[in-house]
Amino acid sequence: MVKAAPQHRVAREAIWQHLAIAALVAGLLLPLSLVPAFQLVEARFYDIFSTFLPLRPVEPGALVVAIDEPSFSEIGHRWPWSRELHARLVERLRQAGAKVIAFDIIFAEPSTPEADAVFAKAIGPDVVLASDEVATRLDQGLQVTRVEPLDIFLDAGASAGLTSVALDGDAALRNMPIARDSFAAQVLRKAGVTVEPPPAGSLIQYFGPPRSYPTVSYYQALDPEAFLPPHRFKDRVVLVGLSLKASAAPDSGSVDAFPTPYTLTSASLTAGVEVQATIIDNLLHGFYVVPISRPWTLALVSTVALLAAYLCRRGVNWRSGSGAVLMFVGLLVGSWLLLRFGRIWAPPVLPVSAALLIIGARFGIDYARERRLRRAVSHAFSRYLSPDLVAQLAHDPSALKLGGERRNLTILFCDVRGFTSLSERLKDEPERLTALINRLLDPLSEAILAEGGTIDKYMGDCVMAFWNAPLPSPDHASRAVRAAERMLDAVAGLNRVLRNEEGDSAPVFAVGVGINTGDCVVGNVGSRWRYDYSVLGDTVNLASRLEGLSKEYGVSIILGPDTAQAVRPNHVLIELDRIAVRGRAEESAIYTVIPPAAQGHDADLRELEELHPRLLAAYRSGDSALASRHLERCVLLAPSLSTYYRKLKEKIAAAA
């Protein structure tokens, strides 16, 4: 129970951390929804979602009589047209059976008395005329002026409907008019349908691009028998209005057309009269869309933030990423389904933004943690590995398995010859002794790291290293042998430098190297207070033993049998002897390497490779005379092995 408490505490801290992130993100995003620029982003999403498989009325609620370019061409009059012409249109539409005739035109100024009288005479209870509200900003405040049709027309029985609309910041028309006497509401009342105003903030559901509603030209409606099929206007609500690509008159100020959600796909504006027809169907069938309230927005964003935090509770990985993608798709699809079937608009921008911010924050935390881990790995292994290996481990820390694993490794031990006598000689100068050994260990270590080795430890004047861990190295045996050859060159170079610095009194260093290959256990070895990344096994013990035998055999490098077998194709090897190895019933051969600089002519080398096995065979068979003859020749062929052959000669003589 005592050990579990810290884990529970860490878990609680992680939970509170995620809750805090979720609360912070939700708290920052909710005020953002009040920013006009952000509201336009949500409006664009509504444009896209509302045009995908929208609801459509079975039968359009209105028919449009368009004052369009063909009508101007056929009628031949400049705008504004005579009200006598409009009176003629009303009479023809009424004769054709129109149920309601609505003009999306404001007749607020008188024309000629005769024309106004003719138009007033044609007007009846089945006619709706447009009115407008004009807002003027004054020093004292905002003045709203209602622009109504002339009293002569209202007295004749016509009703006035308010055509004013509220545009969004991008000039698009998305908002339903909420006035009780709106143009669309008045048209429906004339048609015998009473509707309630939609809730404030309701959005228009459009049904298609421009000219989606049944439309006839003005000149066709003046003579329906000639241009239109029979009963085209029978019991229909007819809206009359401008439907032009350009302004009807140079001084009219603007075109009566608006950007709608379908402008994104059609690149065209929708005529105001067609927008009024769309609003009529929205009111008639309840197709308008109601946005969710602020409390519901808060609840939705908070829920999504908590869900995103839960998905990332264990970091950003493929599972949390897949969950996040599913959540994003669910939010988008759910928003569309709610719009399509519930007529409710829940903008997905804020919830998706909340999820993205939380996932991004978690990714940033994970990235920072990963950077700290890489720095820790680099710092821990920079004292053991070459810079290239440290870079690989930092890039892929999973390549390092802690706790121990079985792996085939090559182990190298390097010991300084005569260090004991040097220490005795410099016992009164410990600083100089330390400086000398450091100057020697530095190039020895550099030789190991240059071949991708891992420095296990320094033991006084001895260096232990291994290859093929923590990162794999297929040619680890060859790398260890090359490192040993580099060590010999480094020692020779240091001796030359010391001789130049101190003359004949300078110390002369020599090293012995033992290399062995075999299966080992590699990993963190030690206690919970202190541990090292090290290796264990008989392979390590044999490598240490071979390093000790190098002095006895008079060579600088001794290889174990498995190492020799691995490097034989690329190195010249000479068998030194056979020794007992733990775990093997038979004695195993040990070898040395003839350095490239000491190999001499190819003919001499081939002769040595043939003659040396004969020498060992004669020695082991007890033929001392033959062994001695072969030995004399081998000394001439390989002067670099003269010390070894001298010691072997002593053994032959002792055996004789």
Side-chain angles (χ1 to χ4, degrees), residues 381-392 409-419 436-469 471 473-500 507-517 535 543-544 546-551 553-560 562-564 566-574 590-600 638 640-641:
F381 282 90
S382 61
R383 301 181 181 273
Y384 307 105
L385 305 177
S386 67
D388 292 339
L389 289 181
V390 172
Q392 292 182 47
L409 305 179
T410 296
I411 314 298
L412 179 147
F413 279 86
C414 176
D415 187 57
V416 180
R417 297 284 174 259
F419 181 72
L436 284 173
I437 197 62
N438 286 340
R439 290 184 67 179
L440 176 61
L441 292 177
D442 188 69
L444 296 181
S445 303
E446 183 179 357
I448 294 171
L449 297 178
E451 292 296 336
T454 300
I455 298 175
D456 185 294
K457 59 178 68 71
Y458 299 101
M459 298 167 286
D461 60 328
C462 180
V463 182
M464 175 184 171
F466 54 87
W467 279 259
N468 204 33
L471 296 179
S473 177
D475 58 340
H476 52 91
S478 297
R479 284 179 172 270
V481 173
R482 290 198 299 269
E485 293 173 343
R486 286 175 177 263
M487 287 177 164
L488 298 182
D489 294 339
V491 171
L494 178 61
N495 287 334
R496 288 192 297 270
V497 172
L498 292 176
R499 188 179 301 111
N500 292 334
V508 178
F509 289 110
V511 295
V513 180
I515 304 175
N516 190 36
T517 301
V535 292
S544 177
L546 294 177
E547 179 272 316
L549 290 175
S550 64
K551 184 176 183 181
Y553 284 92
V555 294
S556 298
I557 303 173
I558 295 184
L559 309 182
D562 292 337
T563 306
V567 304
R568 189 180 297 278
N570 301 317
H571 294 80
V572 179
L573 304 181
I574 295 296
I590 59 175
Y591 300 83
T592 191
V593 181
I594 297 182
Q599 290 178 7
S640 61
L641 298 177

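Count residues from 1 along the sequence.
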>> Let me confirm one number: the CD1-CG distance from I594 to L573, rounded to the nearest 0.5 Å.
In response: 8.5 Å
>> Contact between M464 and I411 at the side-chain level, heavy atoms closer than 4.5 Å - yes or no?
In response: yes
>> Using 0.5 Å steps for rounding, measure from the NE2 atom of H571 to the OG1 atom of T592.
In response: 11.5 Å
>> Please find the pair of heavy atoms, one from A469 and one from T454, that lie closest to each other, and give the distance.
In response: O-OG1, 2.8 Å
> For A447 and R486, which heavy atoms make the closest approach, and how far apart are they?
Replying inline: CB-CB, 3.6 Å
>> Show the nearest heavy-atom pair for residues I515 and A484, with the distance to one decimal.
In response: CD1-CB, 3.8 Å
> Can you name the nearest heavy-atom pair linking V513 to S550, along with the distance?
Replying inline: N-OG, 4.2 Å
> Step by step, would you call T517 with L409 a side-chain contact (heavy atoms from CB on, under 4.5 Å)?
Replying inline: CA-CA 6 Å; T517 301; L409 305 179; over 6 Å; no
>> If the condition is side-chain contact (heavy atoms from CB on, under 4.5 Å), which residues does S556 pass it with, not counting sequence neighbours?
In response: L488
>> Please enumerate all residues that pass side-chain contact (heavy atoms from CB on, under 4.5 Å) together with A483, with sequence neighbours excluded.
In response: E451, W467
>> Can you list everything that forms a salt bridge (Lys or Arg N to Asp or Glu O under 4.0 Å) with D461? Sequence neighbours excluded, please.
In response: none
>> Between S445 and Y458, is there a side-chain donor-acceptor contact under 3.5 Å, judged purely by atom types and distance?
In response: yes
> Looking only at heavy atoms, what is the nearest atom pair of P507 and L436, with distance?
Replying inline: CG-CD1, 4.0 Å
>> Listing request: all side-chain hydrogen bond (donor to acceptor under 3.5 Å, both in side chains) pairs with a residue in residues 490-500, at least two apart in sequence or in separate chains.
In response: none
> Closest heavy-atom contact between V491 and F509?
Replying inline: CG1-O, 3.3 Å
> With side chains defined as the heavy atoms from C-beta onward, is the minimum distance between V593 and V481 less than 4.5 Å?
Replying inline: yes
> Would F413 and M459 count as a side-chain contact (heavy atoms from CB on, under 4.5 Å) if you check the C-alpha gap in whole Å, the side-chain angles of each, and the deciding distance to 0.1 Å?
Replying inline: CA-CA 10 Å; F413 279 86; M459 298 167 286; 3.7 Å; yes
Pairs under 3.5 angstrom only: tabulate donor-acceptor contacts from the side chains of residues 437-444 to other protein residues two or more places apart or in another chain.
unit_1: N438; atom_1: ND2; unit_2: T434; atom_2: O; d: 3.2
unit_1: R439; atom_1: NH1; unit_2: E501; atom_2: OE1; d: 3.0
unit_1: R439; atom_1: NH2; unit_2: E501; atom_2: OE2; d: 3.2

> Under 4.5 Å between any side-chain heavy atoms of C462 and V416, yes or no?
Replying inline: no
> Nearest 0.5 Å, what's the CE-CG distance between M487 and L412?
Replying inline: 5.0 Å
>> As an exercise, state the distance from CD1 of I574 to CG of L559, rounded to the nearest 0.5 Å.
In response: 11.5 Å
>> Which residues pass the side-chain contact (heavy atoms from CB on, under 4.5 Å) test with S473, not counting sequence neighbours?
In response: N468, D475, H476, R479
> Can you tell me how far OG1 of T563 sits from CZ of R568, rounded to the nearest 0.5 angstrom?
Replying inline: 11.5 Å
